[in-house]
Amino acid sequence: MSFKQLSLALISDITARINSTDDLEELLGIIIETTKDVLNTEGCSLLLYDPEEDCLVFQVAKGDKGESLTELKVPRGKGIAGMVLESLEPVIVNDAANDPRIYRNIDDAVGFTTKNLICVPMKAQGEIQGVLEAVNSLERPEFTNKDIKILEYLSDLAAIAIRNRRLIRDLKDRARELDCLYQISQAISNISELDQFLNLTVNSISDVLGAERVSLIFQNPRTKAFELSKSIGFSLEEESHLVDESRGILNEILSLGKAILVQGQTDINPDLLTPNRYKTRSFVSVPIRQDGTIIGVLNAADKMSGDSFSHQDLSILSTISNQIAEAYNSLLAKNQKEKLTSIRRDMQIASQIQINSLPNIPKKMHLLEIETSYTASKEIGGDFYDLIYHNPDEVSILIADVSGKGIAAALFMEFSKTIIAGEVARNSSTSISLMGANRIIQEKSGYFMFVTVMLTRINMLKKRIRYSSAGHNEQLLYKAKEKKVLLLSGKGMPLGIKESEIEEHEVEYQPGDLLVLYTDGVSETTNKDGEMYSLENLAKLIERNGDMPVENLKELILDTTDAFRGEADPHDDYTLVMVRLN
């Protein structure tokens with residue numbers, strides 16, 4: 001045949017190539033090269049879906065005129081690609097010259113002639129990622145339904161890979177944002193002098209954003225004039241104590257009431273910014289508000305890398321500006337309820353982090369029935385759980401417990417969760433995932449905390465669980481046939497302490513078995529006499545009732561441990577994840 005058969009060897013090679021890189025742009029190039037090679041076509045295109053504009057954008061194109069296609073957009077419903085986006089059904093066109101559905105604007109724009117084409121949607125976990133398109137078959141007159149099946153297979157691999165790389169990229173951005181928030185929150189909590197706080201703030205922002213110039217402008221509460229409170233990267237001659245609010249960036253912020261992001265435009269209004277004072281033509285400015293009123297402006301300019309500031313940079317500064325506003329006013333009035341204000345602020349930040357942290361896991365996922373329960377012992381907890389989707393037949397579920405309490409523990413919890421999820425998404429081994437996360441947490445966090453983790457990877461096709469423990473307590477697998485509980489444990493130190501070998505184990509399961517993941521707040525539930533409920537009692541309870549519906553069993557465990565605790569206050573977070581394996 002004139003095109004390659006999808007042999008096992010070729011499938012293995014394609015999968016290896018797609019998984020060979022974490023870089024999204026490089027991944028897209030691999031996907032398109034592979035598609036062009038397998039289908040033997042003159043050209044191939046990968047168009048990613050842009051939800052904000054509801055259109056497709058050419059990201060990678062190979063073949064004659066391919067470079068000219070990059071960044072061109074296809075509206076929903078326009079042309080074959082736009083129709084596939086709308087219908088989510090594959091399309092073959094073998095007579096493009098006489099087919100009115102062809103979006104000829106693209107051919108006209110790049111001077112290309114489409115003779116025939118095949119196009120399929122790229123979907124992962126119910127989300128549309130884009131479309132994959134092959135153009136002009138070589139050595140054969142037309143595309144066939146067999147080509148559809150081959151291209152759909154490639155698009156499924158591509159969609160999952162693209163979604164995972166986007167997840168990893170987003171998680172890294174989130175980790176970066178959290179790191180900056182942590183530095184600012186530490187300043188809020190530990191610094192009592194206003195000038196010291198302002199100095200740490202501009203330096204922290206400069207480090208996190210890689211910005212050579214950072215400045216803070218605040219309104220004087222007494223005179224109502226705006227003043228340059230602190231800056232970094234400006235010479236003394238450039239600095240001025242008072243800032244004219246009738247012109248420049250300050251005037252623009254006060255007039256528009258919103259942030260400004262300039263990404264390297266060549267025609268910057270000189271009234272807005274004096275270009276010859278800066279090394280680059282990109283900057284970001286965000287308002288600082290108190291009770292809805294703008295009381296200051298936070299500015300960053302001149303990235304040390306020479307790159308433009310991004311929307312992620314804007315998001316980070318916007319988040320930080322809220323903390324800066326509260327800290328600034330708190331320090332101005334440090335003799336008036338300073339301690340109470342600091343505690344309330346810390347609690348609000350940590351509570352919000354935790355509300356947004358835990359995933360919304362569906363109660364049913366393919367062959368799994370899942371129930372979760374989480375209760376913090378105080379306003380701020382340190383437990384978390386997560387689910388990472390790999391493919392329809394394989395998911396990873398983890399449970400973890402962070403050392404310590406308070407806002408630092410809450411931030412470290414989110415930081416750790418972000419790093420672990422990224423490593424699990426890119427590695428098939430549970431032990432390699434946890435050891436990789438451990439290295440990153442030690443190198444990047446600076447929190448001086450640790451986290452215990454039990455990571456399980458469930459393969460529903462092979463009826464197999466692979467698992468690794470990083471210092472976490474023994475977990476439970478109820479064997480329905482024997483009506484016995486198997487304890488799951490493994491060698492490995494908690495993440496964040498030091499380099500450690502983490503073992504990987506494997507266990508088979510049968511339909512009806514039950515995986516029970518928990519933190520020590522469950523087994524160590526303590527009554528007013530100081531007695532603990534114990535792992536032994538938890539295991540016996542599950543052995544007696546393991547066959548009941550998983551939702552009912554979860555409620556039974558909650559009711560039993562609550563009754564045991566009685567009037568005593570909970571001493572630790574209480575987290576439970578139960579998975580019926582069908």
Side-chain angles (χ1 to χ4, degrees), residues 177-178 180-206 208-209 211 214-232 239-261 283-301 313-353 355-356 379 407 410-411:
E177 180 177 348
L178 286 165
C180 189
L181 282 173
Y182 174 74
Q183 293 184 47
I184 300 301
S185 70
Q186 287 294 89
I188 292 171
S189 302
N190 301 323
I191 295 177
S192 58
E193 295 298 326
L194 179 60
D195 187 69
Q196 189 181 5
F197 165 74
L198 295 174
N199 188 61
L200 186 144
T201 298
V202 295
N203 279 282
S204 296
I205 293 171
S206 174
V208 172
L209 296 188
V214 178
S215 62
L216 274 168
I217 297 170
F218 280 107
Q219 187 179 43
N220 187 306
R222 183 176 57 83
T223 65
K224 303 303 179 183
F226 283 88
E227 303 172 354
L228 179 64
S229 300
K230 184 65 65 174
S231 67
I232 185 173
E239 294 189 3
S240 176
H241 183 62
L242 294 177
V243 182
D244 186 358
E245 61 184 271
S246 66
R247 57 187 293 275
I249 294 174
L250 177 59
N251 175 260
E252 193 83 359
I253 292 283
L254 293 173
S255 300
L256 299 177
K258 62 181 182 180
I260 300 172
L261 172 63
F283 69 90
V284 59
S285 301
V286 299
I288 301 172
R289 286 187 171 87
Q290 180 71 25
D291 298 327
T293 301
I294 296 176
I295 62 167
V297 177
L298 172 59
N299 306 298
D313 295 324
L314 176 61
S315 174
I316 290 173
L317 285 192
S318 297
T319 303
I320 292 171
S321 70
N322 296 327
Q323 308 306 319
I324 291 174
E326 191 170 351
Y328 179 76
N329 283 281
S330 174
L331 290 170
L332 284 176
K334 65 179 180 178
N335 294 324
Q336 302 176 16
K337 303 180 181 179
E338 181 181 41
K339 185 175 181 179
L340 180 61
T341 301
S342 177
I343 292 173
R344 184 180 299 115
R345 178 180 55 250
D346 288 356
M347 302 297 278
Q348 289 174 344
I349 295 171
S351 297
Q352 190 61 46
I353 289 172
I355 288 171
N356 297 331
E379 292 86 352
I407 184 170
L411 286 166

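For the numbers below, each heavy atom of this structure counts, side chains included, while hydrogens, waters and symmetry mates do not.
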Tell me, with the steps shown, if V286 and I324 meet side-chain contact (heavy atoms from CB on, under 4.5 Å). CA-CA 12 Å; V286 299; I324 291 174; over 6 Å; no

Closest non-hydrogen atoms of A259 and I253, given as atom of the first, atom of the second and distance, are CA-CD1, 4.2 Å

Applying side-chain contact (heavy atoms from CB on, under 4.5 Å) to S318 and L314, what does each step give before you reach the verdict? CA-CA 6 Å; S318 297; L314 176 61; 4.0 Å; yes

Do L298 and T201 have side chains that approach each other closer than 4.5 Å (heavy atoms only, starting at C-beta)? no

Rounded to the nearest 0.5 Å, the OG atom of S321 sits from the CD1 atom of I294 at a distance of 10.0 Å

Main-chain N/O of K224 paired to Q219 side chain as donor or acceptor, under 3.5 Å: yes

Apply side-chain contact (heavy atoms from CB on, under 4.5 Å) to V297 and F226, showing your working. CA-CA 9 Å; V297 177; F226 283 88; 5.7 Å; no

Interatomic spacing from CD1 in I288 to CZ in F218 - rounded to 0.5 Å: 4.0 Å

Could you tell me the separation between the CG atom of L198 and the CD1 atom of I232, rounded to the nearest 0.5 Å? 12.5 Å

Roughly how far apart are L256 CG and N251 CG, rounded to 0.5 Å? 8.5 Å

Test side-chain contact (heavy atoms from CB on, under 4.5 Å) applied to I260 and E252, step by step: CA-CA 8 Å; I260 300 172; E252 193 83 359; 3.3 Å; yes

Measure from the side-chain N and O atoms of S206 to the backbone N and O of V202, and report whether any donor-acceptor pair falls under 3.5 Å. no

V214 side chain reached by L209 side chain, heavy atoms, under 4.5 Å: no

